[in-house]
Protein chains: 2
Amino acid sequence: MKTLEELQDLIHDAVGQLSYPEKPADLYKPITYIMSLGGKRLRPALLLMACDIFGGDVQQAVKAALAIEVFHNFTLMHDDIMDKAPLRRGKATVHELWDQNVAILSGDAMMVEANKLMLQVPDAVLRRIMNIFNETATGVCEGQQFDMSFETRSDVSAEEYIDMIRLKTAVLLGGALKIGAIIGGASETDASLLYTFGEQLGIAFQLQDDILDVYGDPDKFGKQVGGDIISNKKTFLLIKAQELAAGTDATELQQWIKATEFDAEAKVAAVTGIYNNLNIRTLASDAMATYAERAFAALDAINLPAENKQYLRMFADSLMVREY
Amino acid sequence: MKTLEELQDLIHDAVGQLSYPEKPADLYKPITYIMSLGGKRLRPALLLMACDIFGGDVQQAVKAALAIEVFHNFTLMHDDIMDKAPLRRGKATVHELWDQNVAILSGDAMMVEANKLMLQVPDAVLRRIMNIFNETATGVCEGQQFDMSFETRSDVSAEEYIDMIRLKTAVLLGGALKIGAIIGGASETDASLLYTFGEQLGIAFQLQDDILDVYGDPDKFGKQVGGDIISNKKTFLLIKAQELAAGTDATELQQWIKATEFDAEAKVAAVTGIYNNLNIRTLASDAMATYAERAFAALDAINLPAENKQYLRMFADSLMVREY
């Protein structure tokens with residue numbers, strides 16, 4: 001079995017070898033640029049791991065893994081336009097460095113490139129894998145649209161939120177793992193269990209991210225603690241708080257949400273106080289634990305020796321123990 | 001053999017039966033909207049005709065034909081954002097009716113839907129067809145990028161222009177025909193000849209469109225005659241004129257191009273006069289005839305009885321005899 005780090009290195013090298021035509025430069029240079037910004041390459045590395053644990057040849061899965069990474073970066077390029085984000089991994093976004101039209105069209109071309117890469121899987125699994133890839137892609141688009149529409153809605157339920165994060169981020173992890181498993185020769189049952197593992201783990205991870213944004217140790221959490229509160233981001237915590245708050249808590253929470261001028265620290269302290277009154281941290285941790293447990297249960301049910309699954313388990317453990 | 005009109009009707013019905021999930025509404029309603037705006041459905045109808053003439057069952061090719069039409073409309077949705085176009089087929093564009101983010105994301109989802117439709121071709125031809133589809137899609141993206149970059153360049157050659165229109169519009173016609181031919185059981189040689197027919201005919205048609213914009217009969221030409229001249233659109237005619245103009249013609253042409261305030265009729269008359277001095281109409285007609293001849297030569301070379309090719313020939317003839 002190869003470790004996650006070994007597979008990440010393999011993907012890193014493979015990404016470095018991707019090359020595109022010189023012309024038109026404004027179509028292909030942005031692709032090379034966004035692919036060079038780095039990242040942990042977890043999705044493609046996990047695709048390779050899924051192939052590896054079922055006894056497959058990871059070399060046979062490299063193109064599919066690259067397809068997932070190119071697809072992921074295509075969604076980032078278009079999401080950054082929609083979010084008007086100036087930075088991606090600390091560097092200027094494509095629509096800032098070039099312009100918006102370039103980012104739209106390069107993104108479109110990236111999606112075609114992702115399809116070309118994914119098509120290089122063996123004939124015997126081609127149709128199954130393309131179906132999973134397309135279902136995954138549809139899910140990601142749906143998730144992004146739900147996310148955007150939630151910004152202007154005040155009645156988003158916790159269930160809707162969970163389904164949004166499932167689509168927007170978790171299905172791609174699940175899809176990557178399932179594709180790798182199928183290339184590796186897994187049974188349909190095992191491949192589907194691995195999908196569930198990735199999907200449920202992805203939801204748990206996103207919930208943990210919501211918790212860390214409020215309760216994380218500033219020294220260990222990569223982002224500004226309280227950022228979600230300052231921007232009124234509809235996280236699991238805020239949605240639950242809005243659902244449960246009554247009396248003064250409800251009034252104050254609404255006041256902070258509606259405030260246009262405020263002291264950021266004061267807002268973070270006050271909203272965190274309301275969360276504490278409502279026991280939101282425990283509710284969120286419990287929800288997170290539920291999804292993590294489902295992920296581990298799916299992993300346990302896969303018909304493979306524990307040894308084969310050890311690195312996936314280690315990965316999941318490492319995701320779920322970020323201290324806070 | 002089915003006529004083009006019969007096949008257009010068949011596609012019209014099939015488009016009407018496409019349905020998408022209800023939610024998220026802002027992802028799927030724009031797809032239904034743009035697909036309902038109509039159009040001649042020539043590309044999908046010609047895909048079916050290509051299948052039909054080789055003895056294939058057109059019903060087996062309907063999903064692939066729909067894939068081409070959905071893909072084409074996806075490119076229109078994104079092109080309209082890039083061109084800031086308020087109208088498409090006389091109705092509000094998606095980015096006007098919803099907003100730009102919706103148009104980006106719905107377009108992305110349409111491309112996934114197009115892939116799902118194309119994947120429904122029989123196993124035996126799946127990989128070949130997906131490869132053609134992806135190459136076509138890449139060509140369309142490249143053509144659009146060249147088109148955008150030409151707007152800010154003053155040194156575009158006639159060859160570059162022809163290659164741009166080939167990529168932007170002709171390869172999709174060629175690709176549609178080739179995919180239909182393969183589903184219909186054509187040999188690789190015949191399928192490639194049909195691709196050439198579509199590609200060269202597409203270039204000829206675009207050149208004719210450039211000519212008609214200046215020399216068309218206002219009563220028969222659908223658009224405002226002289227529109228390209230008024231907007232300084234880099235057509236084959238303008239590029240050739242800039243290449244050939246000398247002395248007063250060159251000076252005057254540049255003055256009209258640079259003018260920010262002008263009488264539209266006067267500009268159209270003056271630039272048309274310069275075109276006439278330089279014999280641009282003949283040059284453009286000759287170029288058009290060259291591509292049309294290549295298209296007909298490819299059609300002639302296809303190993304089928306003339307009877308099978310009669311409707312394709314009629315279609316090509318009808319495209320090339322718009323009076324002016």
Side-chain angles (χ1 to χ4, degrees), chain A residues 20-21 23-28 30 71 74-75 77-79 81-84 99-123 126-127 130-131 133-150 160 163-164 167, chain B residues 20-21 23-28 30 71 74-75 77-79 81-84 99-121 123 126-127 130-131 133-151 160 163-164 167:
Chain A
Y20 298 101
K23 287 187 177 180
D26 282 354
L27 190 69
Y28 292 116
F71 174 81
F74 141 68
T75 66
M77 200 186 280
H78 278 191
D79 283 4
I81 307 171
M82 297 183 232
D83 299 343
K84 303 194 196 314
D99 61 34
Q100 181 184 277
N101 285 358
V102 164
I104 292 173
L105 196 59
S106 279
D108 292 346
M110 278 185 97
M111 191 160 166
V112 181
E113 293 302 316
N115 269 286
K116 288 182 187 171
L117 285 163
M118 195 59 89
L119 274 169
Q120 295 180 47
V121 297
D123 280 341
L126 178 61
R127 184 179 292 278
M130 293 310 295
N131 286 341
F133 186 47
N134 283 319
E135 278 310 316
T136 301
T138 294
V140 173
C141 289
E142 290 183 349
Q144 171 69 3
Q145 183 54 57
F146 280 127
D147 196 17
M148 290 199 298
S149 67
F150 287 1
E160 285 180 297
D163 201 50
M164 181 276 285
L167 290 164
Chain B
Y20 298 101
K23 285 187 178 181
D26 282 354
L27 189 68
Y28 291 116
F71 174 81
F74 140 69
T75 67
M77 201 188 279
H78 277 191
D79 284 3
I81 306 172
M82 297 184 232
D83 300 342
K84 303 195 194 315
D99 60 37
Q100 179 184 278
N101 284 358
V102 163
I104 293 173
L105 196 60
S106 279
D108 292 345
M110 279 185 96
M111 190 161 168
V112 180
E113 293 303 316
N115 269 285
K116 287 183 188 172
L117 286 162
M118 195 58 89
L119 275 169
Q120 294 179 49
V121 297
D123 279 340
L126 177 61
R127 185 179 293 279
M130 292 310 295
N131 286 342
F133 185 47
N134 283 319
E135 279 311 316
T136 301
T138 294
V140 174
C141 290
E142 290 183 349
Q144 170 69 3
Q145 182 54 57
F146 280 126
D147 195 19
M148 290 199 298
S149 67
F150 287 1
E151 280 172 28
E160 285 180 297
D163 201 50
M164 181 277 286
L167 290 164

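Here is how names work: the chains are called A, B, and so on, in the same order as the sequence lines, proteins then strands, and each is numbered from 1. In what follows, every heavy atom counts, from backbone to side chain, and hydrogens, waters and symmetry copies are set aside.
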Tightest non-hydrogen contact, residues A:V112 and B:M111, listed as CG2-CE, 3.0 Å
Search all heavy atoms of A:P122 against all heavy atoms of B:R127 and return the closest pair with its distance.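 So the two residues come closest at C-NH2, 3.7 Å.
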Nearest 0.5 angstrom please: [X] [atom1] to [Y] [atom2], how far?
X: B:N131; Y: A:L119; atom1: CG; atom2: CG; value: 6.0 Å
X: B:D83; Y: A:N101; atom1: CG; atom2: CG; value: 7.5 Å
X: A:I104; Y: B:C141; atom1: CD1; atom2: SG; value: 12.0 Å
X: B:K23; Y: A:D163; atom1: NZ; atom2: CG; value: 10.5 Å

Check each atom of [X] against the heavy atoms of chain A and say whether the ones under 4.5 Å are side chain, backbone, both or neither.
X: B:Y28; answer: side chain
X: B:Q120; answer: backbone
X: B:M148; answer: side chain
X: B:D79; answer: neither
X: B:T138; answer: both

Just so I know, are the side chains of B:V102 and A:Q145 near enough to count as touching, which here means a heavy-atom distance under 4.5 Å?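 Touching, per the 4.5 Å side-chain cut-off.
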Are B:D108 and A:T75 side-chain neighbours, meaning at least one heavy-atom pair lies under 4.5 Å?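 Result no, sub-4.5 Å side-chain heavy-atom pair not found.
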What part of A:D99 gets closer than 4.5 Å to chain B, counting heavy atoms only: side chain, backbone, both or neither?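 Looking at A:D99, nothing touches chain B.
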Can A:N115 and B:F133 be said to form a side chain to side chain contact (heavy atoms under 4.5 Å, CB included), step by step? CA-CA 10 Å; A:N115 269 286; B:F133 185 47; over 6 Å; no
Would you sort out whether A:Q100 and B:I81 count as a side chain to side chain contact (heavy atoms under 4.5 Å, CB included), showing the intermediate values? CA-CA 10 Å; A:Q100 181 184 277; B:I81 306 172; 4.3 Å; yes
Answer yes when A:E135 and B:K116 have at least one side-chain N-carboxylate O distance shorter than 4.0 Å, and no when they do not. yes
Verdict with supporting geometry, A:L105 and B:H78, side chain to side chain contact (heavy atoms under 4.5 Å, CB included): CA-CA 8 Å; A:L105 196 59; B:H78 277 191; over 6 Å; no
